[in-house]
Structures are given as C-alpha cells and as structure tokens.
Protein chains: 2
Amino acid sequence: MQNTPKEWNLIDVIKYRVQRQNKNTVVPLGDDAFVFKNFPGYSVICQDMMVEDVHFKTDYCSAYSLGHKSLAVNLSDIAAMGARPHFIQCSLSLPAKYTTESWLDDFYKGMVALADEHGCEVIGGDLTASTDKISIDVSVYGSCEHPLTRKGVKSGDLLLSSGPLGLSYTGFLALNKNINGYEEAKKKHTQPLPRLDLVQTISQNHQKIHALMDCSDGLVNDSLQLIPENGGLHIFEESLPVHQETAQLAIDLGRSVTELVLWGGEDYELLMAIHPDDYSLFQDWKLIGQFTNSPGVFLTDSHAQKEIKEFKGWKHF
Amino acid sequence: MQNTPKEWNLIDVIKYRVQRQNKNTVVPLGDDAFVFKNFPGYSVICQDMMVEDVHFKTDYCSAYSLGHKSLAVNLSDIAAMGARPHFIQCSLSLPAKYTTESWLDDFYKGMVALADEHGCEVIGGDLTASTDKISIDVSVYGSCEHPLTRKGVKSGDLLLSSGPLGLSYTGFLALNKNINGYEEAKKKHTQPLPRLDLVQTISQNHQKIHALMDCSDGLVNDSLQLIPENGGLHIFEESLPVHQETAQLAIDLGRSVTELVLWGGEDYELLMAIHPDDYSLFQDWKLIGQFTNSPGVFLTDSHAQKEIKEFKGWKHF
C-alpha cells in the first residue's frame, strides 16, 4: 500500500535498537501488549514523567542523556524498593523537529545502554506527536523477594545516604548559568546513576533496614516522608556528604553549601534508616542524621541545633 | 514545616479518590514503587499516551472524559490479548490552569468509574507541571492464561469485528464541526468502552481464535497488521458494520460512508480472525472480510472488487 505512515519506519528503528532475548518473554514487543512469565517473588512497578522546560532543557540535555535519565529516575525507584528491573515501557511525545530516525536512535541508545547494564529491556510504550514540547514517560516492571518501604523508622534510628547530595543541583546550576567545568556535577545531573549496585547488599541485610527510599526531591523534602508521626529528625551539618564540586560552586556563587545539600534534588542516591547497632553493616554509606521522638527537623552541629521551619525544596506547582 | 508543596495536597486528593482494597497489594500507593503478589497465568503490560491538541481538545473533552478515555484505550489493549486488568499507573502533566483539586478530582472520577467496572485500581504514576499542553500517559498491568496475538492468520480465515466501525470518527467529526445530535457517536469518541466484556468468551474459545487485536487506528490500518506475509485481505463492503449515526453523518456531509468505516479510528472494538467453520461460536460478531493468499487489500461487493492502493488512515507524524 502506498503512503503508509512515517511512524511505522520510526517504530522499526526503535525495535531494532531495543529488542533483546529474554527467557521470560511470551509475546514480544509489537503486539497490543507485552506478555511475560512471572518472576519469582513479588512484582514491583513504578512510572515517572519528564517534561521539557519543566524537568530539562534541550540546550544541555542531548537525546542520549534524555534516554538515559528518563530510565534512571525509574530504576532508582526500583532500587529504592530493594528490587531488580526487568521490563521498560517508554512513551514519547515529540514535536516535529525531533521526530527523526537519528534523534530517536540517540534517545534509545542512551536508554538501552543503561538498561543493558542492569539486565532489563525496553518492551513497549508509545510514540506520538506533540504540538510544542517533549514529554517522556517511563514505567518499569521489576521484582523482589523482600520489599523495603518508607515506613518503619523508629526513634533513634540513623539516617544514611548512599552518596553525595546536592551534586546534581550543582550540575543543574552550572548548566543553567553556563559555567565551565563542574563535569562530574553536570554528568550527575544529566545522566544520574541509579543505585542498583547496592541492591544485593540491601537484600542480604533487608532485616536490618527499617526504611529505604531514593533521594530525588532533595534531602529535607524526602526525609519528611520517612519521619514517623510525632517524630522528628536531626541532620548533622558537619557530616553532610558534600562533593568537592558542590563546595566549590557554593564558594563561586556565594551560596551556602549546606543549603545546596539540604534542598537540591535529583541525586538519586538512596536514603536508609537503621538501628545504630547495625551501622557496621553499611560502612560505605554516609551517616547524615538521626530520627528523634519529638517533632521538627533540625540542623545540628557540635555546638547548636537550629530548626528548619521553612520549606525551600522543589515544587512542581 | 511551613510552605510545603501544593502538590502534596493534590496527591492526597488523588489517593483519596483512587485507593481500593486489593488482596494482592503488598506495598500500597505512596512509596517509591507499588508492590504486589503475582496473579496466576502470565503478566500483560501496555502503555498509551494522549496529548492535548493531538489526540483531544479540551473544548469538548471534559476532565472526566479524559480520565475515562486515557484508561479505556489501555484496557482495550488488555482485552485484545484476552487478558484481565489489575493495576493502573497514570502520569499527568498539566498546565497551571488545570492543577486544581476539582480538575484532578473530575479526571480521576472518570478513570476510577471505568476501573471499578473492571475490578482494577489506580496504584501509581506521576503528576507534573507542563508549560503548555496536557499530556496523559497510562500503563496497565494485567494477567491472562492464554494470550492471543496478532500473529496466526491463515489464508481463508474470516475477519470479524466486535461492533460498529467508524462511529468514533463520526463523533469526532460532529464534535469538531459543532454539529448537534450524534450523541452515541460523540460518547463513543469521548468515552469509548473497552471490550473487556468479551474476554470471558474469548478465553473459553481461545483455541479457535487465530488472531486478535483492537481496532484503534482504523479498520484498514489495523488489518494490515494481521495480514501474513504474501497474503491479502478482502473487505466485504456490503457487510461493513455501519452505525446509523455514521450513515446519517455521511449523508449530511456528502461523504462516503465506506470511507468513514475503513479509515476512521478509535473505535476500540476488537478484530478477530477465525476459521470459517468456527463462525457459529462468534455469531454476535460482525463478519467483515476474509484473508487470502495473494497480496493486496481489496474492497469487494457482490459485483466487483477494487484494490485499496492508497493509505488514508491516521498518521501521527
């Protein structure tokens, strides 16, 4: 038949890029839906959207980075449950200037490179036009034996972070202000690495972990989700995990480094709550605070404590 | 803490509207990801996006209709595998004027009314700002014992439709041209009903069904996906399932009713291929064509056959 839709070719480009062999696949990519054999344990699903000029700008985010990052933010949620990812669906709505084979190929190269690292596979989604901006919505299906949740913190528990906080925001500032250097920070912002590398240790020690979540909206913002009713949190200012590029940018811009660490989002590190006796099991993690049995979030150092009363984090609306 | 994000309240509105009891739930809505016990059989997943001014206009699509339709198009894909839906994730990106409790409540009322009819539940997703247009991306998790695919048509098989075709496009035309009446067609367009009502019969007779898919992009467009290599299809013009409102609108607009049926999309009926001997099992379905062993799609009546050479269906780009 003549004059069939251009998107049929584009979808072939995507298929060619993403298809893998998977012994659980029953009906592959290309039917009304994807069908697979269940994995052992429980099923885990999540879905996260990124919108141009809200979550990213195309000035400094390449198609490759967008493919990477839109998957990474979801894999981070999978890691935060102590789970493993298996299958990915990606819906893309694209303005005309991006509906080219080369843009799509770059986007899926970025996504698939990360997916391959973690043994998961793109198996579906949607591709539509947009009148104006790029929207990317990714969902991931995974599985786990022992899900770890945000609930379960007890007074006295330690708060740990798997890595530096504020580094992605450092990159965001450097990119938006067109400042040279800050390469690690920029990479952390445009191509964050989900901490699936920690899932094996987490799973082995799941009985010792009272709560786990990923740090996507900033330390204070996310910690608020962990604090039990009528409880509080002391954040240890002198122990905050500050990357040297964050410290440097704070100096360069005349800003408080603590503020960058407390409120900067999108690090996709993990936050964990454990009993103090179990800290030896997680020595690679940074100790950044302790939960208490009286309300309020406080910033403490060896001399004083100061309540954080005003929310300064990321707001979607 | 003072001045926390507005979206926290909005998310509470959504949670209140959508949460249900489900015996398979392990970690409910509100954590990094949703965790559930596996269902018997195979897992089935799909994901479909709708974008303002590409797939719908807010002039004639209410928040309630958008909630309904964005789920319906996915439930149709689940039905097309012979599967049952269980869990729904919905990502919404909304311009400022729609980020209100009342808009979100109406949207989720529409989605949940349809979900409740089919025993499935909204358990996650995302809510983000948009600078301009509404984007809605929904994924559904379901399960089935015997997946039915688009592959498996044999020469001589009959092509059946579960209902009228072109009716949604009739509604689309009436809405876009501001024509009064055509109420069934308008409802079919804004609030299509996925044919999950047929899944029980389909499952019972799964061994007799050579191929199954949903008709979302128009009869010719979708039938092309069913035709085996080097095969063809004869569409019976005199048997096309035409709703009276489609026939009437064709007259009113001076258009060919056959063209409306062949190319109009979004009916979300099911298309099925079976051996002629098994037609008695599916007498409620409309017989609309027959697959052949020579290439080409033909429109036939009792006198003649005419090849359809030019693609005239929906193109995303």
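As a basis for the values below, the full set of heavy atoms in this structure was taken, side chains included, without hydrogen atoms, waters or symmetry mates. Chain naming here is simple, since letters A, B, ... match the order of the sequence lines and numbering starts at 1 in each.
Remark: the backbone N or O of A:R150 is paired with a side-chain donor or acceptor of B:D31 at under 3.5 angstrom.
Here B:I136 contributes atom CD1 and A:S91 contributes atom OG; the two are 12.0 Å apart, rounded to the nearest 0.5 Å. If you take OG on B:S93 and NE2 on A:H55, they are separated by 8.5 Å, rounding to the nearest 0.5 Å. One distance of note links CG of B:D126 with CE of A:M50; it measures 11.0 Å at 0.5 Å rounding. Atom-to-atom distance recorded for B:F36:CZ and A:Y42:OH is 12.5 Å, nearest 0.5 angstrom. To the nearest 0.5 Å, the span separating NE2 on A:H86 from OG on B:S43 amounts to 10.5 Å.
At a 4.5 Å heavy-atom cutoff, the contact between B:V44 and chain A is made by backbone and side-chain atoms alike. Interface residue B:L10: only side-chain heavy atoms are found under 4.5 Å from chain A. Of the two parts of B:M213, the backbone and the side chain both hold a non-hydrogen atom closer than 4.5 Å to a non-hydrogen atom of chain A. Proximity to chain A is absent for every atom of B:A96, based on heavy atoms less than 4.5 angstrom apart. Using a 4.5 Å cut-off between heavy atoms, A:I308 contacts chain B through both its backbone and its side chain. Contacts between A:Q225 and chain B at a heavy-atom distance below 4.5 Å involve the side chain alone, from C-beta outward.
In this model, a donor atom of one side chain and an acceptor atom of the other lie less than 3.5 Å apart for B:Q47 and A:S139.
Heavy atoms of other residues, nucleotides or ligands lying less than 6.0 angstrom from NZ of A:K151 number 12 at most. Within 6.0 Å of atom NZ in B:K6, more than 12 heavy atoms from other residues, nucleotides or ligands are found, so the atom counts as buried in its surroundings.
When A:V27, A:V54, A:V140, A:D137 are compared by the number of non-hydrogen pairs under 4.5 Å with chain B, A:D137 comes out ahead. Contact count against chain B (heavy-atom pairs under 4.5 Å) is highest for A:A33 among A:C144, A:A33, A:S143, A:G313. Between chain A and the residues B:I78, B:D53, B:L127, the most heavy-atom pairs under 4.5 angstrom are made by B:L127. Contact count versus chain B (heavy atoms, under 4.5 Å) is highest, among A:F87, A:F34, A:F39, for A:F34.
For the residue pair B:K309 and A:M1, the shortest heavy atom distance occurs at O-CG, 3.4 Å. Scanning both residues, B:S135 and A:M49, for their nearest heavy atoms gives CB-CE, 4.0 Å. Closest non-hydrogen pair, A:G41 versus B:N38, comes out as O-ND2, 3.3 Å. Considering every non-hydrogen atom in both B:V51 and A:S130, the closest pair reads CG1-CA, 4.5 Å.
B:T149 is not listed as a side-chain neighbour of A:D32, based on a closest heavy-atom distance of 4.5 Å or more.
One finds no salt bridge joining B:D132 and A:K133 here, because no Lys/Arg side-chain nitrogen approaches an Asp/Glu carboxylate oxygen to under 4.0 Å.
Ring geometry for A:F311 against B:W8 counts as perpendicular: the plane angle is over 60°, on a 0 to 90° scale with 30° as the lower cut.
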